[in-house]
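Following: one structure in C-alpha cells, then a few remarks.
Computed over heavy atoms, backbone and side chain alike; hydrogens, waters and symmetry mates excluded. Bear in mind the structure is a predicted one, so any value in this text is a computation, not a measurement. Chain A is the first sequence line, chain B the second, and so forth, proteins listed ahead of strands; every chain is numbered from 1.
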Amino acid sequence: VTAPAEIAVERHGGTLVAHVTGEVDMTNASYVRDQLLDSVPNDALGLVIDLNECRYLDSAGIEVIFDLARRLRRRRQDLRIVVPPGSPLTRVLELTEVATAAPIHETVDSAVAG
Amino acid sequence: MLRRPSHRQRDELRTLASRQAAVAEIGRLALASDDLDALLRDTVQAARSELRTDYASVLELTSDGRSLHVRATAGFPDDMLGGVLRADAEELSRIALDRDEPLAIGDFSAEPDFEPSAVQRELGVTSALVAPIGVPGRHFGVLGVYARDPRPYEADDVNFVRALASTIGLAAERSHHAGRVRDSEARFRELADTTPALMWMTDPDAHVTFVNEGWLRFTGRTRDEELGDTFGLSAHPDDRAELLTRWRQAFRRREELRFEYRLMHAPTGTHRWVLEVGTPRFADGEFAGYVGTTTDIHERRSMEEALRESEAGFRDLADSAPVMIWTTDTRGLVTFVNEGWMRFTGTTLAEELGSSWALGVHPEDVEQMLDSWHASLDMREVWEYEYRLMSHSGEYRWIVDRGVPRYEGGSFVGYVGAAVDIHERILMQQQLREVYEIEHTIAETLQRSLLPERLPEIEGLRLVPRYLPAGQAIGGDWYDALERMDGRVALIVGDVVGHGLRAAATMGQLRNAFRAYGLIESSPAEVMARVNRLVMSGEDAMATVLYLVLDRETGEVTYSAAGHPPPLLLAPDGVRFLEGGRSMPIGAADPAVFREASGVVPPGSTLLLYTDGLVERRNVPLENSLAALAEAASEAEDDLEKLCDRLLAAVLPQLNPSDDVALLAVRPSAVSADALRLSLPAEPESLALLRRRLERFLHAAGADELESYEIMLTVCEAAGNAIEHAYGPGDASFDVEAALVAGELVASVRDSGHWRDRRGEHRGRGIKIIMGLMDDVNIESQNGGTLVTMRRRLAHARAA
C-alpha cells in the first residue's frame, strides 16, 4: 500500500505552482520529486510547492524539498514553499530548517510575488 | 484536480488489473469450455508472462501419487510435455502439495533447505514459485513458475499464482466430474437397452427424454412417439387419471413414484399389470428429472385373482407362469413354491417347504427381511420387501417379494406371494445415487473452498459470519471483508443466481473480482459497474450483491445494493434498514447504472448484511419477513455470536432454510483510549496503515489535532528507521505500542535491527524530528534489536 499523493501544476507567469494533495512518505517520495522536477521547464523562473492540501509530510518528504532546492539552484531557479498559518506541518519544517533551502510563505500569491 | 497516482501505485494498479484480467480470462475459459488441456496451456502462458519468468508448468499428480505428469509447459523444452517426473524428486512440488500452501523460493543458493530438482538445475533455475491445484485429498497437481534469476516473490505474486491454481483446480474437478457423468449416462443407456426391463427417463419438466428397447417392444410404439409430454399415454383408460395424479404429486415433491396400473401390451393387444417405480435424479446438484423402471407384474396379479377362485386352478396357472410364486399356511410356513421359483433358486420343493424363509437370502438382508415378514404376518397385512436372493448360478440377485393374506369363507388361511427379479433396476438406481453423491460432494467441497475460511482480523471491527447451506442443493452465497488502503473497510455479501457446481464456481470468481476492484475503486457504484462489465463480458451469470464501505473513524457508510435486500442497522436509538443505493443485479444488463447511498452508523451500532435466504419465504410478502427480522433484532445483545444465533433461530425456526443463507454481523468497536499494540511487516507499505491506526488511537486518547499529527509523525519516523534496518525481505516485522499513562502519551517502536549512524542528512532529519516533537526520547539496543521509547504530555492533561 503506497501513500496517495496527487500533484497538479499551474503556471503563474514565469513561475510554476505545484499543488501537492494527500500524503508524502518514503513510499512515494521519489515519485513526488520526479513529478515536481519534470514540471519545471528550463525557462521557468522558479517553482512554488503549495502544501495547503498536504495532509502528511515526513522526513522523506522534507528530503525531497532539500533535493529539489539543490537541483533547481544549479539551474538558477528558485524554490519556495507555501504553508498556511496554523498548519500541522509548520513545526516540522522549522525543526528541519527547511527555510534555509526554500523560503516559506503563508499564501500562494505571496510566494509567486517572491 | 487531475488524479495522478504515484509511479509505484500506477505500476501496482496496472499489474493488479492485468493479473485480475488474466485470472478472469482463465476463469471464463474454464466455464466456457471442457477442453482442459487448452485451459492449462493458456494458464501456464499467462503465469509466465504476467510474472515475467522463464518457465511455467502444470504437473498433474498421478492416481498413485508417486509421479507427476507434465500436462502443460511454457518456456520449457518441447520434449518435456507429456513426460512423467518422479514426485519425490520434485521436492518443491511435493512440499507444496503436502502443506497445501504455495511455496516461493527467491534464491535456491540462499536456501539451505531446498534444492532445485535435476531438471530445474539443468535449465539453470534459480528461483521458483509453486502452488498446489485442487483441494487436499483431491489435489490435481501443481502450478509452478521458474526463473533463471533470483526473484523476491511478493504476496501479490503468490496470490496471483494461487488464484490461477484455484481456477484450474475447479476446471479440473469439473472436467473429471463431467467425465464421470457422461460415462455413467452412457453406461446407463447401454445397460438399459440390453436389459429386458422397461426403462424411461424424463427431464426436469417431466418430458420423457429416453425410453429403452424393452419399453418400445412392450408398447409397440416408436421412440419418436414416446418422447416428449407422453407420460401415461399407454396406460389403461381406467387407470390413467390416478396414475397421472400420483405422478404429478411425486414429481412436485421430488419423491419416489410407486404405482401399479395396466399398460398396453402391443404383442398381445391386451393390457398387462405393471409396477412403475420412478426415482428423482440429480446432476450438478440440481434436479434433473426422473429415471424409472416398469416391471411386468401381470402374472402376480393374475395369481392373486386366480387363487380367489380355486386352489387347484391356481397351482396349474402358477407352474406355467414365468414368475416366482409361493404360498404359506396360517403360521407362515411355506406350503408351495412354483417351478419359476425353483428355476431361479435351483432348489428342490422339499428344501423350500416349511420354515425355509431364510434359505438363500443374502446374510446382510436376512434379519431385517424376517422381521418385516413376521411383522406383516402377525398383523395379516400385505407384505412387500426388496432383498437379495441367491440364484441357481450362485449369484445374489435383487428381487421384490410381495405376499397377500388370503381368506376362505371369511377365515385366514395363509399367504400367497410372488417375487420378481429387479436386479437391473436396483443396480441402476445405485449407480445413479453414486453419481449424485459424487456431484454433491464435489459441489460442497468447492463451495467450502471458495468461502473465506475465516474473515481477516480487522482492527476496530468485530465481524461474525454465519453460513447455512440449504439441504442438498449447493448455492452461491458468500460474504467477505477487506481493508482498503485509505483505511476504510469494504464489506460484501452476495448471492449467485442458481445452484450447483456452476453457481459455486461463479461465486468464487465474483468474490475475487470484488476483492480486486474493491481495493482499486473507492466508490461502491463504480466497483459494481466494473464487476458487472467483467461478468457481462464473460459467462452467463447473475448475482445480487450488497457492497458497503465503512469508515471506522467517522462511522460513515457508502453502499450499493444490486438487486439485494437492504442492510439492517441496529443503532442504539432503534433498528432501521439502510434504504437507497438500489440497483439492478450484477449480470443483468450492460451498460447498467449502479446507484450508491450514504449514511452514518452511530457509535455502538451493529450492521447486519445478509442474503435473501434469510428473509424470503414462500407465501410471505417480503415486507413482512423484513419486519420480522427487524423485530427480532430490536432486542439489544452485547454478544455478537449470540445475536447471530438468536436472529437465525427467530427468523428460521427450523434452521433448515430452503435457500442458502449468508449472514454477516459487523460491529465497529469503541476505540480503546488505553493502549494500542501493533505488529507490522517491516516494509514501507506498512506506514500508511500505521498512520490510520495511530490517528484513531490518538483521537480516542483526547489528543488535539496538532498533537495527533506530531505524535503520529514521530512514531512513523521511528517506524521508518525500523523498516530501513530490518533484516532481509523475509519475515521481518516491527512492533509499535502506544498508551496514555497519567496524561502522558508513551509510544515505543521495537525492531530486530540496529540503527546505524546517521546516513547523510536525510536520516539526521528523522532523528531531529523525533527529538524535537517529543518531550523525552530514549533509544536503546536490546536483544539484537533497537527499542525507541518516546513520551509527550498532552495539552488537556497539562491544563488539568
Margin query: On a heavy-atom basis, which atom in Y56(A) and which in L713(B) lie closest, and how many Å separate them?
Written below: OH-CD1, 3.5 Å

Notebook entry, point to check: What is the distance from atom NZ of K768(B) to atom CD1 of I62(A), rounded to the nearest 0.5 Å?
Noted result: 10.0 Å

Margin query: Is it the case that over 12 heavy atoms from other parts of the model lie below 6.0 angstrom from the CZ atom of R693(B)?
Written below: yes

Check: Are D25(A) and R691(B) close enough that some pair of their side-chain heavy atoms sits under 4.5 Å apart?
Finding: yes

Margin query: Is any side-chain heavy atom of C716(B) closer than 4.5 Å to one of D58(A)?
Written below: no

Note to self: To the closest 0.5 Å, what do you measure between CD (E717(B)) and CE (M26(A))?
What the structure shows: 7.5 Å

Check: Where is the tightest heavy-atom contact between E685(B) and T27(A), given as atom of each residue plus distance?
Finding: N-CG2, 3.9 Å

Next item on the list: Would you indicate whether R677(B), at its atom CZ, is surrounded by more than 12 heavy atoms from other residues, nucleotides or ligands within a distance under 6.0 Å?
Entry: no

Check: Which bit of E94(A) comes within less than 4.5 Å of chain B, counting heavy atoms only: side chain, backbone, both or neither?
Finding: neither

Next item on the list: Of all the heavy-atom pairs spanning P88(A) and E710(B), show the shortest one and how long it is.
Entry: O-OE2, 4.3 Å

Next item on the list: Specify the closest pair of heavy atoms between I769(B) and T96(A), including all atoms of both residues, with the distance to one decimal.
Entry: CG1-CG2, 3.7 Å

Note to self: Quick check on E705(B): does its CD atom have over 12 non-hydrogen neighbours (other residues, nucleotides or ligands) under 6.0 Å away?
What the structure shows: no

